[in-house]
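These notes concern the structure reproduced below.
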There are 2 protein chains.
Amino acid sequence: MAIDHLDGRIIVLLAEEPRIGVLEMSRRLGVARGTVQARLDRLQSNGVIRGFGPQVDPAALGYPVTAFATLQIRQGQGADVRAYLTTVPEVLELLTTTGSGDMLCRLVARSNADLQRVIDRVVGFDGIVRASTAIVMENPVPLRVIPLVEQAARDREET
Amino acid sequence: MAIDHLDGRIIVLLAEEPRIGVLEMSRRLGVARGTVQARLDRLQSNGVIRGFGPQVDPAALGYPVTAFATLQIRQGQGADVRAYLTTVPEVLELLTTTGSGDMLCRLVARSNADLQRVIDRVVGFDGIVRASTAIVMENPVPLRVIPLVEQAARDREET
DNA sequence: CGTACCACCAAACAGATTGCCCAGTGGATC
DNA sequence: GATCCACTGGGCAATCTGTTTGGTGGTACG
């Protein structure tokens, strides 16, 4: 759960050059291969590293438009809405937030015009009272974790 | 840019068992190893697969609280705000959305109490006019792309 | 003070995988 | 008919993986 400095370096290295392999990592970090291997195993069983799945870019897939929809859910319909939205491929993420039955929904679409179709499909579901959508224009900071990892490693050291 | 059915299966397989290797994939998919290799190269140079970085779980790192902050930016301060927020490790993502100088900001914190510190640090920056924060309670659909990939592959086939 | 435990290093092994090259085949294009 | 392209199936040396072994140092604890 607490991240070591070496753990941090391992994660950063892995983020920079994912195909690197344990052996090469041990060389670059100046530690024994077994150590890296053990650390990696620990990080994975700890759940710190969830996996190494491919990072797919929706834009390159033909879905360059991203939007966030804030949904207001009718009382007691939360589970239904969740189940429904799970079946919509264009729904990339769904979160419930503080506030009266609110959900936040990350969408993608093939175009601005297509976004209309997606939104209709999403908010057309009975159980959604109201929805407001914001289109994403730019993404100055794409989803990242490295700075957080480094911070966590630093915290650990400074103790 | 357009995704083949085989491409789709490759991505899905890779998402399910990331450590699988090209050879094993070719066996499971019933195609030659060179084919899988060529497809993978193409997918990567196309940008469809951005990489294979480790998926780090902020919660396991000690940051179990997630929140979204909607920021209203003072005219012309957008660049400054971006630059500043980039330096805050707890800012995992930053997006500019439609609306008058609005940004959406994904945050994590060590606790609800700690969230206050993070928010102060974020909105304390000059150039941010107003901010409203929503704490994430549940994550019924964690960030996913597979259904979209399958959809894209299906679209391609049905043509 | 001695023991036990733990993380790490260094080395070794067989087995598997990778990157790369080649020749042949079938379909589509012009 | 000639050409291009993607795929197959095979083969090669080099490398990496998973795993085990023995040895070292530090720390916690009775």
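Below, read A as the first sequence line, B as the second, and so on, with proteins coming before strands; counting in each chain starts at 1. This is a predicted model, so every value here is computed, not measured.
For B:R28 and B:E17, the salt-bridge test passes: some basic side-chain N is under 4.0 Å from an acidic carboxylate O.
Grouping the Ile, Leu, Val, Met, Phe, Trp and Tyr side chains by contacts below 4.5 angstrom, directly or via other members, places A:L14 with B:L61.
The CG atom of A:L6 sits 7 Å away from the P atom of C:dC8 (whole-angstrom rounding).
Among residues two or more places apart in sequence or in another chain, the side-chain contact (heavy atoms from CB on, under 4.5 Å) test is passed with A:V141 by A:R144, B:T86, B:L94.
Within residues 25-44 of chain B, the residues approached by DNA chain C to less than 4.0 Å at the level of any non-hydrogen atom are B:R27, B:R33, B:Q37, in residue-number order.
Under a 3.5 Å cut-off, the side chain of B:S26 and the backbone N or O of B:V36 do not form any donor-acceptor pair.
Between A:D41 and A:Q37, the side chains place no donor N or O within less than 3.5 Å of an acceptor N or O (distance only, hydrogens not considered).
Smallest separation of non-hydrogen atoms from A:L104 and A:F68: CG-CD2, 4.1 Å. In this structure, A:C105 and A:L85 approach most closely via the heavy-atom pair SG-CD1, 4.4 Å.
Side-chain contact check for B:I128 versus B:I73: some heavy-atom pair is nearer than 4.5 Å.
When DNA chain D is scanned in the 5' to 3' direction for atoms under 4.0 Å from non-hydrogen atoms of chain B, the outermost contacting nucleotides are D:dC7 to D:dG11.
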